[in-house]
**Student:** 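My structure is below; once you've seen it, I'll send some questions.
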Amino acid sequence: MDKRDPFRHNVLTSGHRACSGCGEAMAARMVTDLIGPDAIYINATGCLQVFTTHNQQSAWQAPWIHSVFANAAAVASGVEAALRAKGKDTPVVVQAGDGGTFDIGLQCLSGMIERGHDVLFVCYDNEAYMNTGVQRSSSTPHAVRTTTSPPGRLSQGKHHLKKDVISIIAAHHMPYAATATIAYFPDLKAKVEKAMRIKGPRFLQILSPCPLGWVHDSALSVTVSRLAVETGLFPLIELEHGELTGVMRLAEQKPVEEYLRPQGRFKHLFGSKAGAVELRHLQALADARIRRYGLLDADTQWDTACAMQSVRHGRGGYASSMPTSEAVKNDT
Amino acid sequence: MKQLLEGSQAVAEAVRLCRPQVVAAYPITPQTHIIEHLAQQVANGELAAEFINAESEFGAASIVLGAVAGGARAFTATASQGLLLMTEVLYNIAGLRLPVVMVCANRAVGAPINIFSDHQDSMALRDAGWIQLYVESNQEAVDTLIQAYRIAEACELPVMVCMDGFFLTHTFESVDLPTQAAVDDFLPPFHFVRTLDPADPMTLGGGSEADNYQEYRSAQQAAVEDAQPVIEAFDAEFDDRFGRAHGGLLQAYRLDGAETALLGMGSLMGAVRDVVDKLRDRGQAVGALRLRCFRPFPAQALVRYLSGVQRIIVLEKAISIGAGGILASELRAALHQAGMMTPVESVIGGLGGRDLTPQVIESVFHETSRDEMGATFRFAPDHVMPDETDHG
Ligand SMILES: Cc1ncc(C[n+]2csc(CCOP(=O)(O)OP(=O)(O)O)c2C)c(N)n1
Ligand code: SF4
Ligand SMILES: [Mg+2]
């Protein structure tokens, strides 16, 4: 018997406890509305789980389970196996944060993909452990201020680069992996729909600005999301069986500063010599990504050499050991 | 029909008879033979299950969690480091009240790393909310596994069947495997009311805070406590159908008129019964009590069985480092609560696969209690030669 509430159609209903302007809530609303209620959702621990369930309340109008932080992909593997054993083909969808994907959940995710489970894994990437109060994750870009990568006399924020997780995922003979973000809904919609047509493991990394952790105006989430793409820092790409099959090209490249300025998490970089070094490095990373994915027709005019310096040594060695490329030396 | 089977194979055959739809596991000695047999059964078409090679025990436990939430009967097995790696998920399975059944092929925990048997691994999980049944023989492992699914699904609680690594898993014994028809009669197909299903969307595993978390925990405690009569009833029903029972919660041996009781769990108890026979032949009033069900802890049944004895010796293959015997401590609490002052000697031995031979067990009986010296437990003597215990 169908026991669904006939008056509430959204999978993720209103009344949950996300911060205003939460990019993750917007992204989850988009994804789950596109997939619909005829699916089973598995959630890792994180903001989305916390703000949608509380005591006996739930914002979910679809079968939904949360187990622990690290195991969403394995729980989904089990759910999918149960459905297969029962001859059902209900879609299975994982929702996890970047922590639950890049870090603690990576092993279970790798196992799920390697075994070829028919599961869509959606990562809402807000570039830090937001639910526990903005600690750095391996998705946090370098030089970002978080509570565990604070800038100080010896530091300009996070000392390590954002992990290139989509390449790791794609290396699993992955049928479909793509990036998306909330500012480009038609693109996101096309990718969700495409993912839902493909059998086997699929992966979406959705950049989801977090006003609380990124320290921007909560009205600017969509703007910030768009700037991440327009600057080349977050390329929108599709990978099928490890091959790049789609990119959203840019008409022109905006300087990264336009993306960084509205965000308090980069504020410490402005106005100091050491900060300028990191700003240049962030620009170089954007340039390198544009070049790698061919996002512009002409080659970018920006120098890309210092993007190659990927390992940063912490505590004291950070800023002083930094300048290596000619460009940096010339400009400082 | 009786067959000579290795313990692991016997368990795998019992699993097959229970018709799990999903099996997920990660290899660890001494559990490996169980899952290897299951993999072969699936490959041969004898077991119609999804066999999932997990990327870790943490993953294996999570996969069976998802499978049961998805409405399928599931099985996993592990031991030692693997069980500890599962810990977070095992607590979660219990809190979600999912009827998962697993086998723990009991093994010591490192460091130092050791593949041989003791009970440290499953004892470390005693507070997780799982029913724990410790079996003595391979026949009992087979029968208990079948009962375990019945108990788990009736109570919506997970059940861990604990069988000693090597002593049982790698030992050949004559085992009577029930027929498929008889098992099907005893164990109805799995139907889970909280199955994840779009037609009846439920939220499983949402957050809870101080306003009602404690109520969830007390409901869980009550459910595990209430499983005691269920465990007894299904063992009795099993006896009616298959002609074998294993004592329900616990099993007494020559306790009538006994002044001393030897209490323990698992495969060790065969040797304990031999020692009881020998001592009885020599006029000593000794009996034995085997605890089959450690969780829920059958405090009242233990008190009832032990009310007539003057001395209790608890032999256990695990230690709470910094405190001592776990089983002994819980027994002391139960006796104290019942107003009994019977001295309980806590003897820890058989760790890391060391054999608790009849000679060692007998020497433990002849040793005087060190309680007078203030020690709450002692270690069993190392090796005792047969003639050293010949107290004639
Ligand atoms: C094993 C474990 N370690 C740590 C935590 C604490 N914890 C809960 S959510 C979380 C961070 C979540 O970060 P992310 O996955 O990026 O999701 P977000 O909240 O940012 O959406 C952490 C560290 C936990 N629940 N479990
Ligand atoms: S902290 Fe960030 S991710 Fe979490 S609810 Fe608030 S805005 Fe959303
Ligand atoms: Mg995050």
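The sequence lines fix the lettering, A, B, ..., with proteins before strands; numbering per chain opens at 1.
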**Student:** For B/Asn92, is it the side chain, the backbone, both or neither that has a heavy atom under 4.5 Å from a heavy atom of chain A?
**Tutor:**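 The answer is the side chain of B/Asn92.
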**Student:** How many angstroms lie between CG in B/Leu196 and OH in A/Tyr41, if you round to the nearest 0.5 Å?
**Tutor:**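 Taking CG in B/Leu196 and OH in A/Tyr41, the distance rounds to 12.5 Å.
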**Student:** Inspect the surroundings of CD in A/Glu243 and state if more than 12 heavy atoms from other residues, nucleotides or ligands are less than 6.0 Å away.
**Tutor:**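 Check fails, neighbour count at 12 or below.
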**Student:** Give me the atom names and distance for the closest heavy-atom approach of A/Val79 to B/Gly66.
**Tutor:**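 Nearest pair, atom of A/Val79 first, then B/Gly66: CG2-O, 3.2 Å.
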**Student:** Can you give me the closest heavy-atom contact between B/Ser56 and A/Gln107, atom names plus distance?
**Tutor:**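 For B/Ser56 versus A/Gln107, the nearest heavy atoms are CB-NE2, 3.2 Å.
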**Student:** Could you walk me through whether B/Thr195 and A/Lys86 pass side-chain contact (heavy atoms from CB on, under 4.5 Å), step by step?
**Tutor:** CA-CA 12 Å; B/Thr195 294; A/Lys86 296 195 296 181; 3.8 Å; yes
**Student:** Is the closest side-chain heavy-atom distance between A/Asn71 and B/Phe58 below 4.5 Å?
**Tutor:**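 A side-chain contact under 4.5 Å exists here.
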**Student:** Is it true that, when you exclude B/Asp226 itself, more than 12 heavy atoms of the residues, nucleotides or ligands shown sit nearer than 6.0 Å to its CG?
**Tutor:**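 Counting neighbours around CG of B/Asp226, more than 12 heavy atoms of other residues, nucleotides or ligands fall under 6.0 Å, so yes.
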**Student:** What I'd like to find out is whether the side chain of A/Pro63 reaches to under 4.5 Å of the side chain of B/Pro201, using heavy atoms alone.
**Tutor:**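 Result yes, sub-4.5 Å side-chain heavy-atom pair found.
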**Student:** Around A/Lys163, counting heavy atoms of other residues, nucleotides and ligands shown, do more than 12 lie under 6.0 Å from its NZ?
**Tutor:**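 More than 12 within 6.0 Å, yes.
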**Student:** Going by the side-chain contact (heavy atoms from CB on, under 4.5 Å) test, name the single residue among A/Met112, A/Arg115, A/Glu80 that passes it with B/Ile63.
**Tutor:**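 Of A/Met112, A/Arg115, A/Glu80, side-chain contact (heavy atoms from CB on, under 4.5 Å) with B/Ile63 is met by A/Arg115 alone.
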**Student:** Let's test your reading of the structure: which of B/Ile93, B/Leu204, B/Asp200, B/Asp211 forms the most heavy-atom pairs below 4.5 Å with chain A?
**Tutor:**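 Highest number of pairs under 4.5 Å: B/Leu204.
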**Student:** Under 3.5 Å, side chain of A/His66 to main-chain N/O of B/Gly205, donor-acceptor pair present?
**Tutor:**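 Judged by distance alone, yes, a pair lies under 3.5 Å.
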**Student:** Out of A/Ala62, A/Ala39, A/Ala73, which one racks up the most heavy-atom pairs below 4.5 Å with chain B?
**Tutor:**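 The candidate making the most pairs under 4.5 Å is A/Ala62.
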**Student:** Would you say B/Tyr213 has more than 12 foreign heavy atoms packed within less than 6.0 Å of its OH?
**Tutor:**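 Atom OH in B/Tyr213 is not crowded, with 12 or fewer foreign heavy atoms closer than 6.0 Å.
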**Student:** What's the shortest heavy-atom distance between B/Gly207 and A/Thr53, and which atoms?
**Tutor:**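 Where B/Gly207 meets A/Thr53 most closely, the heavy atoms are N-OG1, 2.9 Å.
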**Student:** Please flag which part of B/Tyr91 lies under 4.5 Å from any non-hydrogen atom of chain A: side chain, backbone, both or neither.
**Tutor:**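 Nothing of B/Tyr91, per the 4.5 Å heavy-atom cut-off to chain A.
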**Student:** With rounding to the nearest 0.5 Å, note down the distance linking OG in B/Ser208 to NE2 in A/His54.
**Tutor:**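 Answer rounded to 0.5 Å: 8.0 Å.
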**Student:** Non-hydrogen atoms of chain A under 4.5 Å away: do they reach the side chain of B/Ala24, the backbone, both or neither?
**Tutor:**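 For B/Ala24, neither part sits under 4.5 Å from chain A.
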**Student:** Counting heavy-atom pairs under 4.5 Å with chain B, which one of A/Pro37, A/Ala85, A/Ala72 comes out on top?
**Tutor:**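 Going by pairs under 4.5 Å, I would pick A/Ala85.
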**Student:** Top residue by heavy-atom pair count (under 4.5 Å) with chain B, among A/Ser58, A/Ser67, A/Ala59?
**Tutor:**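 Most heavy-atom pairs under 4.5 Å with chain B: A/Ser67.
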**Student:** Given that the side chain runs from C-beta out, which part of A/Thr90 has a heavy atom under 4.5 Å from chain B: side chain, backbone, both or neither?
**Tutor:**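 Side chain only.
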**Student:** Are side-chain heavy atoms of B/Glu55 and A/Cys108 found at a separation under 4.5 Å?
**Tutor:**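 A side-chain contact under 4.5 Å exists here.
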**Student:** Please tell me whether A/Asn55 and B/Glu209 have a donor and an acceptor in their side chains that are separated by less than 3.5 angstrom.
**Tutor:**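 Side chains of A/Asn55 and B/Glu209: no pair found under 3.5 Å.
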**Student:** Please classify the contact between B/Val64 and chain A as side chain, backbone, both or neither, with a heavy-atom cut-off of under 4.5 Å.
**Tutor:**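 The answer is neither part of B/Val64.
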**Student:** Can you tell me how far CH2 of A/Trp60 sits from OG1 of B/Thr203, rounded to the nearest 0.5 angstrom?
**Tutor:**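 Spacing of OG1 (B/Thr203) from CH2 (A/Trp60) equals 8.5 Å.
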**Student:** Side chain, backbone, both or neither: which part of A/Gln56 has an atom under 4.5 Å from a heavy atom of chain B?
**Tutor:**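 Looking at A/Gln56, backbone and side chain both touch chain B.
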**Student:** Looking at CZ of A/Arg84 and CD1 of B/Ile52, how far apart are the two atoms once the value is rounded to the nearest 0.5 Å?
**Tutor:**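 Rounded to the nearest 0.5 Å, the CZ-CD1 separation comes to 6.5 Å.
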**Student:** Is there a side-chain contact between B/Leu65 and A/Ile65 in this structure, where contact means two heavy atoms from C-beta onward sitting under 4.5 Å apart?
**Tutor:**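 Heavy-atom side-chain distance check passes, below 4.5 Å.
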**Student:** Which pair of non-hydrogen atoms, one from B/Gly59 and one from A/Ala74, has the smallest distance, and what is that distance?
**Tutor:**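 It is O-CB, 3.7 Å.
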**Student:** If you count heavy-atom pairs within less than 4.5 Å of chain A, which of B/Ala69, B/Ala48, B/Ala72, B/Gly71 leads?
**Tutor:**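 Option with the greatest count: B/Gly71.
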**Student:** Measuring from B/Met202:CE to A/Trp64:CH2, what's the distance to the nearest 0.5 Å?
**Tutor:**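 Those atoms lie 14.5 Å apart.
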